[in-house]
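One structure is given below, encoded as structure tokens.
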Amino acid sequence: MRLHVDLPGLQLKNPIMPASGCFGFGEEFAKLYDLSMLGGIMIKAATGESRFGNGTPRVAETAQGMLNAIGLQNPGVDAIIEDKLPFLSTFDTEIIANVAGSTPEEYIHVARQMSADPTIKALELNISCPNVKCGGMQFGTDPDMAAELTRLVKAASTKPVYVKLSPNVTSITAMAKAVEAAGADGITMINTLVGMRIDVTTGQPILANRIGGLSGPAVKPVAIRMVYEVAQAVDIPIIGMGGVRTVDDVLEFIYAGASAVAVGTANFENPYVCQEIIEALPGRLDELGINHILDIRGKAYEQTVSRA
Amino acid sequence: MRLHVDLPGLQLKNPIMPASGCFGFGEEFAKLYDLSMLGGIMIKAATGESRFGNGTPRVAETAQGMLNAIGLQNPGVDAIIEDKLPFLSTFDTEIIANVAGSTPEEYIHVARQMSADPTIKALELNISCPNVKCGGMQFGTDPDMAAELTRLVKAASTKPVYVKLSPNVTSITAMAKAVEAAGADGITMINTLVGMRIDVTTGQPILANRIGGLSGPAVKPVAIRMVYEVAQAVDIPIIGMGGVRTVDDVLEFIYAGASAVAVGTANFENPYVCQEIIEALPGRLDELGINHILDIRGKAYEQTVSRA
Amino acid sequence: MRQLATIVSNRLIATATMEMKVEIAPQEVAPGTFFHVKTSELLRRPLSVANVEANVVTFLYKVIGAGTADLAARRTGDVLDVLGPLGNGFPLEQTDKRVVLVGGGIGVPPLYYTRRMLAARGIETVAILGFDTKTSIFYEDAFRELGETIITTVDGTYGEMGFVTGPLARVDADVLFSCGPEPMLKAVAASHIEERYLSIENRMGCGIGACFACVCEAPGGYVKVCSDGPVFRAEEVTL
Amino acid sequence: MRQLATIVSNRLIATATMEMKVEIAPQEVAPGTFFHVKTSELLRRPLSVANVEANVVTFLYKVIGAGTADLAARRTGDVLDVLGPLGNGFPLEQTDKRVVLVGGGIGVPPLYYTRRMLAARGIETVAILGFDTKTSIFYEDAFRELGETIITTVDGTYGEMGFVTGPLARVDADVLFSCGPEPMLKAVAASHIEERYLSIENRMGCGIGACFACVCEAPGGYVKVCSDGPVFRAEEVTL
Ligand SMILES: Cc1cc2nc3c(=O)[nH]c(=O)nc-3n(C[C@H](O)[C@H](O)[C@H](O)COP(=O)(O)OP(=O)(O)OC[C@H]3O[C@@H](n4cnc5c(N)ncnc54)[C@H](O)[C@@H]3O)c2cc1C
Ligand SMILES: Cc1cc2nc3c(=O)[nH]c(=O)nc-3n(C[C@H](O)[C@H](O)[C@H](O)COP(=O)(O)OP(=O)(O)OC[C@H]3O[C@@H](n4cnc5c(N)ncnc54)[C@H](O)[C@@H]3O)c2cc1C
Ligand SMILES: Cc1cc2nc3c(=O)[nH]c(=O)nc-3n(C[C@H](O)[C@H](O)[C@H](O)COP(=O)(O)O)c2cc1C
Ligand SMILES: Cc1cc2nc3c(=O)[nH]c(=O)nc-3n(C[C@H](O)[C@H](O)[C@H](O)COP(=O)(O)O)c2cc1C
Ligand code: FES
Ligand code: FES
């Protein structure tokens, strides 16, 4: 019970879940370990219709990070509900649907369909994907547009809505406050930082899409800082992510103010990483003298320690 | 001559210079190699009066990056002019003064003093330092404030003014266009990304200042993307920086649209890094069939290659 | 699926080309599959299975960037984190057919193990191996032991001068197995051989089918190189 | 100043404590100075000189995080990128004075080389070395060979139970050289010994005085640990 976390719509047996887009719909990882051990699963983004996504190369490596420009490839919301959710429903874990689109209407459609499925416990509103021409990022960098979209999706959804914030903004707290005021039940953060790599032998960007989203350990300090700021600015819970690969990374996010943590890129380096973190958590809490994992939530700002 | 780069106020024998704050006033590095080999030197930020800066720890390591919160420690503009510039004037390289402050008046004062010294060939207007309570960042994240400060400093300076942009903004091109319209002669970018690390044994941020600026290889993809965007949005030259440690990193920045490159954090990993890059450049240009280094400037966006 | 493999040997066998042998747990490893190998870098590196003898897997790899440079620095006794075998390899049920193997550069490795497995089934094969230059050639004798082997070099410093497509035009076979750079694959995909199987390379994220990094256009939509491939019938992919 | 040093040996000598010997180019290395050592991580790691014999420098280091863990994995024959010697060490011109050396935990290393150099000048010293527990103790015999050596352990598993300040109160000396954790340095800085020199630790960037990461408050303003120190007179710094 020391790992149990209760969030709107989500009864997490532990605060660890794979991040959207880094775990597909769970099928591949289910061959490696029992998905029922996960706190939850954030499934890959769904759009109204199926999408092929961007050209390849779609990934490029950077120093302790990676750029991706998958471009929301997915079979479309109906196919996901029909083909993917039945399999996911066989596991004892909370499934969170990642909702994307190019227009408010598409977002609303996906949210309505997804939230109607009993397997889905909450929605994650993806207003921050940097890799698609229309939609995504624009909603994610303007507080008013983000709030409006949140309102529309909240109205369409029968399940709690978590809004996923983009770090590519001047004021992350302004974004967070805007979506909170618009009715968001929670915040997930951060999505990827927009970046580029150029191949010096061709002089051209490595990604076919030219720009892509930076993730992995490289971005963790930015993610921690943003969670730390947002946790002090809003009253809704935060699911933190960005560069998590170890149990101590998880604790860092919770100290910063997150109530749960998602793991993205690290699943590529080590497909067993979520399992390993979950197994390592109790021992690490013992070592640090922490009883319940949420006992330390926000302690990085709540408790001020005198310094030399 | 294939490395020579002409910029407003600066005749660079090569496009490599140490970045501000990572090279002090050159004294320590002068013991290691002849500073006359450098294209230029961007000296540490100067404020009106001497400043002690933040408490320690002032640095924290991250995955292929580091956070710093030095807090503009410096002896003040008058002491720099008296004690540091005479030594720097003995080298055959272009000295660029980094101008900081808490108020417009302080910026103007520093700019006036610095630009009056014959050793200084250009100013770098530091509107983007995330580690000081007053000034710095605010000027660097609001286009109108940045433009206004640029105008004031331009009016006070007898030398060209380069404005150093903060990456912590929603639209880097809006910032760049604003300072260009206000009369900036060039842009230097990027300063550090705001980040944080938390010590899980104490639950507190490692830096005494809590937040700090992220630099090093981890941020390079963000820097490259921003240079690529800004180079297409403005007509003034860009000195690019952020994570440069190899000769190929330099070429990446120039392909993205920079005319010269500064090296910061890498000087800590390898204090000879600028010398080594400068020595390696001609051979690498030969290998890649590049005649003059600026032949490739902006080629990442100018030349569009067809892709599968 | 993930395991710690002990390095048995790791040596230079041609220009910038290394042969690494690692000991893995006893298991089936099909020709044409690959392992996703952890290096000093963040993402894993896909490397084809070049051979399997008892529990020892051979990788033949070219030193390209940071990941393969890190591998090249490993020594006997070091332990390597590998994920695999992954993907689907070459079909071996060609019992009464004549098979030609066409490899280019660092696409040659998977064809060696494939040829050995075909030979074990009594299937006769011709191999056409293309390299840049003489010093890049590796495993020539090993291939020759298994049957007719034609070597081409782009600069003519050894074997036939030119590309693999030259000798391929003269070969009479029913089935083609190929691995190599994309231009070569495009050329052999258009060859006269009836049944053509190609092993495709693409930048990967997960290596197991979850991230959609490695997709390749296909007539019906797309395929994932890591989990649907890396070996495809030529008709299944749009190169 | 930067050089590639070949590792001569690297072995565990106490709980999580390693002794590494590296061969450097012939040069003067003063006691109390340090090297800034490149590891797998971005920033270098400062390590004190624990000994010098001919061209071989000894480091004694505790495995704390990723940087020291990487060092611990290096083997004989590997090459280490080191920058140094850096900083200013302990003053050795104490000819007619009695010197007490006070070290705590991983602050003990620089005192060994310092004691050897003092002994070489015929200066008699007393050493007080504090450790957490018996299994953390290292270099006890080496210290005893050079004179009176008092060991304390916090848990009393060896030597005197408690902190170094216990025995220090009983010692009669003119000069104190100390290195160890900050609380210990604060305590010894307040001791009765007249001339007190402290070696200070702080997180570093450049290690050569250029970045202002390592500053320490001082009565006149500040000092830089890396280039003004790491050894200071107690009056020169505000702990
Ligand atoms: C299924 C498969 C099997 C392969 N088998 C072999 C083999 O047996 N021998 C061999 O030498 N090479 C093989 N390759 C290519 C090998 O994976 C790359 O050469 C290697 O990843 C380069 O890594 P690096 O760090 O040295 O280079 P870098 O260029 O620094 O790598 C940067 C990134 O690009 C990726 N990348 C670079 N080149 C390729 C490439 N050609 N294919 C896929 N990703 C690439 C890397 O994996 C990494 O993520 C195979 C590739 C695939 C997809
Ligand atoms: C002048 C000087 C001499 C030193 N001599 C020794 C020695 O002889 N033996 C020894 O075991 N240790 C010594 N230390 C401490 C040693 O530098 C740290 O233990 C080491 O840097 C930890 O690195 P890490 O990667 O294992 O730990 P991490 O905690 O992962 O390191 C993260 C960052 O914090 C820095 N850091 C962590 N602890 C310290 C510390 N105590 N002092 C300074 N920076 C720190 C690291 O350098 C790195 O930048 C010395 C420190 C200084 C300043
Ligand atoms: C290959 C890849 C695909 C992704 N796809 C999605 C997606 O479909 N929807 C989404 O909201 N985020 C997506 N993300 C972002 C991640 O969910 C996560 O926010 C980000 O990668 C930061 O976490 P990490 O550093 O642990 O990867 C994707 C990330 C990667 C690397
Ligand atoms: C320790 C440190 C101190 C810095 N001080 C300054 C400064 O005084 N003024 C300034 O404009 N930038 C300062 N910077 C930012 C650098 O000049 C540079 O913009 C940034 O570090 C990105 O480059 P890099 O990744 O090569 O370090 C500092 C950076 C570091 C790491
Ligand atoms: S590499 Fe992830 S789907 Fe193929
Ligand atoms: S570490 Fe840079 S000044 Fe001391």
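Just so it is clear: chains get the letters A, B, ... in the order the sequence lines come, proteins before strands, and each one is counted from 1.
For the atom pair CG (A/Asp199) and CG (B/Asp248), the distance works out to 9.0 Å, reported to the nearest 0.5 Å. In this structure, the separation between CD1 on B/Ile224 and CD1 on A/Ile211 is 14.0 Å, given to the nearest 0.5 Å.
Between chain A and the options B/Lys220, B/Met226, B/Arg284, B/Gln64, the largest number of non-hydrogen pairs under 4.5 Å is found for B/Gln64. Heavy-atom pairs under 4.5 Å with chain B peak, among A/Ile254, A/Ile290, A/Ile198, at A/Ile198. Comparing B/Ala218, B/Pro221, B/Gly216, B/Ala256 by how many heavy-atom pairs each has under 4.5 Å with chain A, the most go to B/Pro221.
Here the closest heavy-atom approach between residue A/Arg210 and residue B/Tyr301 is recorded as NH2-CA, 4.1 Å. Shown here for A/Lys299 and B/Gln204, the closest heavy-atom pair between the two residues is O-NE2, 3.1 Å. Nearest heavy atoms, A/Glu252 versus B/Arg197: OE2-CA, 3.4 Å. Minimum heavy-atom separation, A/Leu251 to B/Val200: CB-CG1, 3.9 Å. Between B/Ala300 and A/Pro205 the shortest heavy-atom distance is O-CD, 3.9 Å.
Interface remark: A/Leu214 contributes side-chain atoms only to the contact with chain B (heavy atom separation under 4.5 Å). There is no contact between B/Ile296 and chain A, counting heavy-atom distances below 4.5 Å.
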Verdict with supporting geometry, A/Arg225 and B/Asn168, side chain to side chain contact (heavy atoms under 4.5 Å, CB included): CA-CA 12 Å; A/Arg225 185 265 298 182; B/Asn168 303 288; 3.9 Å; yes
